[in-house]
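Taking it in order: structure first as structure tokens, then the write-up.
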Amino acid sequence: EDQVTQSPEALRLQEGESSSLNCSYTVSGLRGLFWYRQDPGKGPEFLFTLYSAGEEKEKERLKATLTKKESFLHITAPKPEDSATYLCAVLPEAAGNKLTFGGGTRVLVKP
Amino acid sequence: ETGVTQTPRHLVMGMTNKKSLKCEQHLGHNAMYWYKQSAKKPLELMFVYSLEERVENNSVPSRFSPECPNSSHLFLHLHTLQPEDSALYLCASSPGTGDHNYGYTFGSGTRLTVV
């Protein structure tokens, strides 16, 4: 069974305090791993897609990396506006169009 | 209007009511989805509609009934719901099987409260 586990569940950071979020996954074959950001009361917003181990992608203060078992979302020098829930999802090879999501990490950045 | 639009944004209904959630996408995508998001639980896929497949999720209670009249519109018909059905219901769309560069595009969701 395909599984996605995110840790920690919640993260409190001071502005400027860099940290990393973890997404561990087990799938029969990976077509893609996705990171989303979700603000309260809104739908998830796409951030990155990673396809193969060793791949990295960056957007402003966010950097996503991928290994064969996990992905990390690094937040460098975060600002209060980076406060959100970050979701990880995998697209297994045999799943058609269906993503499997992790439980998310709630990030709060205090000024 | 662009993207994925869901209406209503908020809905309060009694257990004996019948209501419908609506989703419309203006992206030219070929697949649409209903997800349920409850507190402290991962997003749960309820239904998938695409040119390639229509997936009825056997684990979803029959009090939830999807309808997809065309590739741009998706409905979720609700009847005799239970309080535990209170959640954020998210609609999403994707280009289809061949393009995964952007995953899904989500709507803002309908916050459903069953009283």
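So you know, we letter chains A, B, ... as the sequences are listed, proteins then strands, and number each from 1. On a predicted model such as this, the values are computed, not experimentally measured, just so you know.
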A:L87 versus chain B, the contacting section by heavy-atom distance below 4.5 Å: side chain
Enclosure of A:E1 CD (heavy-atom neighbours >12, cutoff 6.0 Å): no
A:R12 CZ: over 12 foreign heavy atoms closer than 6.0 Å: no
Part of A:Q38 within contact of chain B (heavy atom distance under 4.5 Å): side chain
Under 3.5 Å, which donor-acceptor pairs link side chains of residues 9-16 of chain B to any protein atom two or more places apart or in another chain?
unit_1, atom_1, unit_2, atom_2, d
B:R9, NE, B:G109, O, 3.3
B:R9, NH2, A:G41, O, 2.9

Full working for side-chain contact (heavy atoms from CB on, under 4.5 Å) between B:Y104 and A:F34: CA-CA 9 Å; B:Y104 297 164; A:F34 303 84; over 6 Å; no
pair B:L90-A:P44: side-chain heavy atoms closer than 4.5 Å: yes
Considering all heavy atoms, the nearest A:F101-B:P42 contact: O-CB, 3.7 Å
More than 12 heavy atoms from other groups under 6.0 Å of NZ on B:K19: no
B:L43 portion near chain A, given a 4.5 angstrom heavy-atom threshold: both
Side chain, backbone, both or neither of B:E44 within contact of chain A (heavy atoms, under 4.5 Å): neither
Exercise: identify the closest heavy-atom pair between A:K42 and B:L88: O-CD2, 4.4 Å
Heavy-atom neighbours of A:E15 CD exceed 12 at 6.0 Å: yes
Cluster link A:V4 to A:F72, ILVMFWY, side chain under 4.5 Å: no
